[in-house]
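These figures come from a predicted structure and were not determined experimentally. We name chains A, B, ... by the order of the sequence lines, and we start the count at 1 in each one.
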Amino acid sequence: MTNEWGWQLPATDALFQDSPYEPLENPGENIAERLIMIAHLSFNTDVWSTRIDRYWEGLVERIEGACNTNSVTEFWQRLTDEMALVPLSAGELLHEKNLLCRPSILSYPVSDFEVLNPLRSYPRDIVDRTRMWNQYRKAAKVSKLKAA
Amino acid sequence: MPLGKTVAWEDGHTCGNCGEATETALARTILSAYYGSWEAIAVDAEGGKRWLCLPCGWTLRDKDLRRMPITITRDGTLSRPSFAELRTLLSERIPADLAVTLPIEGRKAVMADARWGAVATDSGSLPWTAAHRRALASVVELTSYGFTEGLLSYDAPPFGVLSKVSVRDHARVRELWNSLGRWRPDVAAWPTLVRLARRDKDSE
């Protein structure tokens, strides 16, 4: 799976395979959604498992709080701190996360503002998309296990 | 007796609600001490008391008028439409010979604010414009997706309901939800729109 902008991001491209939605067509929104998917993949069980019912709402609130910057790198750092995200163990995903945090160096460059703007304006929509993706991803995993 | 109680009527005062100089009675003998809309009844400048005429006394006192939606026609016919009927009625321009009252909290006397071609609610008389009709259409469409009256005031569609809606309709739900964004801070129109989303008891 590739993306229409020619970004070399195969690991996050693959994440969209489980999403019930078409990937967002705006490059800034598309990167924002990839980052939130990665944030969810960095879910900290120790911190959130006892208050899982607050997790998604907490993610929205913390995105809103972390967006008050003009740098995606800074945003990611704040989100990591606030959500107590665990370090990514998958090397490829970690590499892509680092690229996504510097969207202006991608092969099709996107400004930090274009990525942060949707996160500021409609974080809940992006989190809800991620939540749906997660639901479908889990269902796909279960059906794969059953088939095996 | 429309008031359901005996009160002493006097001449020489003005009704504090409609301003008519007619036979009136002391408002406190008509209304309960717990009545919630005293501020809407003007105080008589001479005696410092509130007076009401019989029609106003009835509209302010009758509890049913404060609790149920009512339509009134110029020939004096009162009817109690269901919420479904009200949605249909308000999906179009309100005829000039019809007034609609829609109490929200059940505490305010809204009948006194009834105007021809408008909706009277707790916040007063609301002219029912094309923009209100479009907003109502959005509310009705959202309820068809399963979003109930209590959920419509959320900033975004609650995920619990959204996740049960077909994925191909999610963009439409978000579009409708966002289109109602400007209505949510409107303290007069929004409670009215939300109340119109209410399901009738017999349809549940």
Side-chain angles (χ1 to χ4, degrees), chain A residues 15-30 32-33 36-37 39-40 43 48 51-68 83 117-143, chain B residues 130-199:
Chain A
L15 296 179
F16 286 112
Q17 280 174 351
D18 287 330
S19 176
Y21 303 112
E22 289 296 313
L24 291 167
E25 290 171 5
N26 175 293
E29 292 176 350
N30 189 289
E33 186 174 14
I36 302 309
M37 283 171 161
H40 177 64
F43 178 84
W48 289 102
R51 43 188 178 140
I52 192 72
D53 52 328
R54 281 279 305 138
Y55 169 70
W56 292 105
E57 190 59 35
L59 182 56
V60 174
E61 287 167 7
R62 283 159 180 81
I63 290 170
E64 284 170 339
C67 273
N68 190 19
M83 290 297 291
N117 196 39
L119 291 167
R120 280 191 202 108
S121 309
Y122 33 92
R124 195 178 299 273
D125 285 1
I126 294 176
V127 168
D128 280 352
R129 283 177 64 95
T130 306
R131 202 169 167 182
M132 282 299 286
W133 158 75
N134 185 51
Q135 232 173 45
Y136 275 66
R137 183 172 141 264
K138 273 187 185 168
K141 261 187 192 172
V142 169
S143 59
Chain B
H132 290 91
R133 296 196 290 274
R134 280 195 298 275
L136 177 62
S138 299
V139 164
V140 169
E141 196 175 338
L142 282 171
T143 55
S144 74
Y145 287 115
F147 295 98
T148 54
E149 181 187 355
L151 302 176
L152 292 170
S153 295
Y154 285 57
D155 289 342
F159 188 78
V161 181
L162 183 68
S163 62
K164 292 186 180 77
V165 175
S166 164
V167 168
R168 68 170 191 279
D169 293 329
H170 282 199
R172 176 67 182 154
V173 168
R174 290 203 174 92
E175 184 189 342
L176 290 168
W177 209 276
N178 294 337
S179 76
L180 292 172
R182 77 179 182 92
W183 291 98
R184 290 192 179 90
D186 187 329
V187 292
W190 183 246
T192 309
L193 289 165
V194 168
R195 179 50 52 93
L196 286 168
R198 180 165 284 192
R199 284 193 295 179

- Within a strict 4.5 Å, meaning less than it, do heavy atoms of the A:E57 and B:F159 side chains meet? no
- Message: Quick check on A:R131 against chain B: is it the side chain, the backbone, both or neither that has a heavy atom closer than 4.5 Å?
- Response: both
- Message: If you apply the rule side-chain contact (heavy atoms from CB on, under 4.5 Å), what do you find for A:Y136 with B:V167, and how did you get there?
- Response: CA-CA 11 Å; A:Y136 275 66; B:V167 168; 3.4 Å; yes
- Message: Is it the case that over 12 heavy atoms from other parts of the model lie below 6.0 angstrom from the CZ atom of A:R51?
- Response: yes
- Item | Sub-4.5 Å side-chain heavy-atom contact between B:H170 and A:M132 | yes
- Message: A quick test of your reading: do over 12 heavy atoms of other residues, nucleotides or ligands sit less than 6.0 Å from CG of B:D155?
- Response: no
- Count the heavy atoms of every other residue, nucleotide or ligand shown that sit under 6.0 Å from CG of B:D169, and state whether that count exceeds 12. yes
- Message: Given heavy-atom pairs under 4.5 angstrom as the criterion, report whether the side chain, backbone, both or neither of A:E22 touches chain B.
- Response: neither
- Output for pair (B:R174 CZ, A:R124 CZ), nearest 0.5 Å, gives 11.0 Å
